[in-house]
Amino acid sequence: MAFFLHKKNVLLMICAPVLLLFLFFSKPKKTTIEYKTNIYTTAHKSELKLTETDKFSFSAFEQATETDVVIVVNPKRQFQTLLGIGGALTDASAETFFKLPKKAQEKVLESYFDKDKGIGYSLGRTSIHSCDFGSKSFTYIEKGDTELKTFSIEQDRELRIPFIKKAIKKAGGKLTFYVSPWSPPAFMKTNNNMLQGGKLKKEFYQPWANYYAKFIKAYEKEGIPIWGLTIQNEPMAKQIWESCIYTAEEERDFLKNNLGPTLKNKGLGDKKIVVWDHNRDLLFQRANTIFDDPEASKYAWGSGFHWYEDWKDGKPMFDQVKNVQEAYPDKKLLFTEGCNESYDINRIINEDPKLAERYGKSMINDFNNGTVGWTDWNILLDQNGGPNHVGNLCFSPVHGNIDSGELTFTNSYFYIGHFSKFIRPGAKRISSVSSGNQILSTAFKNKDNSIVIIVMNQGDANQSFSIELEGRTASTSALAHSIQTIILKPTN
């Protein structure tokens, strides 16, 4: 036995160095990830509406030339995590919804909130008392009640709250939900009017802060969890509807001296507070003023923004989003509202590509510039683009005819769906860069490791392009005025 053990030790002494040398010099074979591919397409003037179309496969890498259009996707370069994509559940949406037949109501809920049969909305917004989209202007208290003794959300229990509850249920019981005020009660304002701008009087800063807390607690008591809130919808716009003006300094001071401490003291310190909630043009200016103040900044989760700054010259200011992301990387960016204005049913009938492409262009650029969530405006309006108590009629992705009971799904609905259905909360944006102006792209990696690439062709002609990923190339094409979702699911 002693001889056997000695012999074994000698063998180990001889073999071990050889084995170590072999392991040191041998290189592990690189595993190539194989993908199952699916492409979904929506194209103007066609039957393709979120329709599964082509498939493709990757082959050996091909160097793109100057005349080629190539989208380079790099999953190793990861950025922000997606909060969600969704829309606003306004009084106008609720009023239209309950005037539709039961079958149409179910279709609206399924189409928006079911991630398998619909487009899987995961984010929602509503107003604190009234905004313009509803049949009337109202608040939750009686005039002069600074102690909020008369506070009641009874008005919302008739239509809005049941509508929101149905949406949450259809979304599988979870919908990240935030709220926004359009105006304080008239008696708290300098113009004594909920409409036409005006400012919050300083003596009412604290009662108004208490009002937010009352609202959040009342909604949560109804079974509607509130994730967060914006301080004021469009604080630099004097509108013909509910509106209120805050300078950057006024919003900063209200946040740090009243709203932030009030929510914390009332057990609501976990609610995410979003500043600005207005157009991209002054997004950076507002962020500077609030985020550079440590006492205000500690209460601010991030900035919200809209897309209406293009009224100036027709050009969206996407770089302003990037500028804020670069200057304040610890703060989040949330698109809080966008819709196509000046309702005209002929633009839907004729499939004006500008309506849907405004969504596609904005979502791609906003995500590429660091936005974590994207919220459309009204999810449902009637056949006239309302109801709106001041006549501010607009487009919605879905319109319900309250006379015939029919639903109209516009291309905007399908364009949004190319993102919301396939890019799920928790996904990480990854690097995706197009070499051609006609083709726009963004890409995300879901928690299940699937890669989702959005490709929008905003040109008048079909466009061939290739995708370069992990040292390989795949070729495909996009129809004129179309959007595609390309899904890559690893099979090994």
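This one's a predicted model, so the numbers in the text were calculated from it and none came from an experiment.
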>> Run the side-chain contact (heavy atoms from CB on, under 4.5 Å) test against Thr289 and tell me which residues pass, sequence neighbours left out.
In response: Ala248, Glu249, Arg252, Gln285
>> Which label fits Tyr413 and Tyr112: parallel for a plane angle under 30°, tilted from 30 to 60°, or perpendicular past 60°?
In response: perpendicular
> Looking just at side-chain N and O atoms, do Glu234 and Tyr308 make a donor-acceptor pair shorter than 3.5 Å?
Replying inline: no
>> As a test of understanding, state which of Leu89, Ile153, Thr126 forms a side chain to side chain contact (heavy atoms under 4.5 Å, CB included) with Ile161.
In response: Ile153
>> For a quick check under 3.5 Å, do Asn368 and Thr442 share a side-chain donor-acceptor pair by atom type?
In response: yes
>> Could you go through Gln78 and Lys445, starting from their C-alpha distance and side-chain angles, then the distance that decides it, and tell me whether this counts as side chain to side chain contact (heavy atoms under 4.5 Å, CB included)?
In response: CA-CA 9 Å; Gln78 299 191 355; Lys445 187 174 185 179; 4.0 Å; yes
>> My understanding is that only residues two or more places apart in sequence, or in another chain, count here; which of them pass side-chain contact (heavy atoms from CB on, under 4.5 Å) with Pro162?
In response: Phe98
> With a 3.5 Å cut-off and no angle check, do the side chains of Ser180 and Thr230 form a donor-acceptor pair?
Replying inline: yes
> Can the ring centres of Trp377 and Trp307 be said to be less than 6.0 Å apart?
Replying inline: no
> Ring centres of Trp374 and Phe305 under 6.0 Å apart?
Replying inline: no
> Does the side chain of His389 come under 3.5 Å of the side chain of Ser135 through a donor N or O and an acceptor N or O?
Replying inline: no
> Distance only, no hydrogens: is a donor on one side chain within 3.5 Å (strictly under) of an acceptor on the other, for Gln239 and Asp132?
Replying inline: no
>> Side chains of Ser432 and Ser441 only: does a donor on one sit below 3.5 Å from an acceptor on the other?
In response: yes
>> Any donor-acceptor pair under 3.5 Å linking the side-chain atoms of Glu62 with those of Ser466?
In response: no
> Does Arg280 come within less than 4.0 Å of Asp310, counting only side-chain N to carboxylate O?
Replying inline: no
>> Angle between ring planes, Tyr415 versus His44, binned at 30° and 60°: parallel, tilted or perpendicular?
In response: perpendicular
>> Please check if the number of heavy atoms outside Asn437 that lie under 6.0 Å from its CG is greater than 12.
In response: no
>> What I want to check is whether the side chains of Thr90 and Ser93 have a donor and an acceptor closer together than 3.5 Å.
In response: yes
> Ser122 and Lys174: side-chain donor and acceptor closer than 3.5 Å?
Replying inline: no
>> Whether Lys49 and Glu351 form a salt bridge (side-chain N of Lys/Arg under 4.0 Å from carboxylate O of Asp/Glu) is what I want to check.
In response: yes
> Is it true that Arg358 and Glu341 make a salt bridge, defined as a side-chain N closer than 4.0 Å to a carboxylate O?
Replying inline: yes
> Taking 4.0 angstrom as the limit, do Lys170 and Glu106 come out as a salt bridge?
Replying inline: yes
> With Trp227, which of Trp301, Phe177, Tyr219 fulfils ring pair (Phe, Tyr, Trp, His ring centres under 6.0 Å)?
Replying inline: Trp301
> Parallel, tilted or perpendicular for Phe163 and Phe97, by the 30°/60° rule?
Replying inline: tilted
> Salt bridge between Arg472 and Glu34, side-chain N to carboxylate O under 4.0 Å?
Replying inline: yes
> Going by atom types only, do Asn457 and Gln438 share a side-chain donor-acceptor pair under 3.5 Å?
Replying inline: yes
>> Please report whether the ring centroid of Phe367 lies less than 6.0 Å from that of Phe444.
In response: yes
> Between Asp277 and Arg125, does at least one N-O distance fall below 4.0 Å, as a salt bridge requires?
Replying inline: yes
>> One thing to verify: whether Glu309 and Lys315 come together as a salt bridge, which I'm taking to mean a side-chain N less than 4.0 angstrom from a carboxylate O.
In response: no
> Take atom NZ in Lys332; do more than 12 heavy atoms of anything else shown fall under 6.0 Å from it?
Replying inline: no
> Taking the six-membered ring where the residue is Trp, are the ring centres of His306 and Phe335 under 6.0 Å apart?
Replying inline: no
> Charged N to carboxylate O under 4.0 angstrom, Glu406 versus Lys107?
Replying inline: no
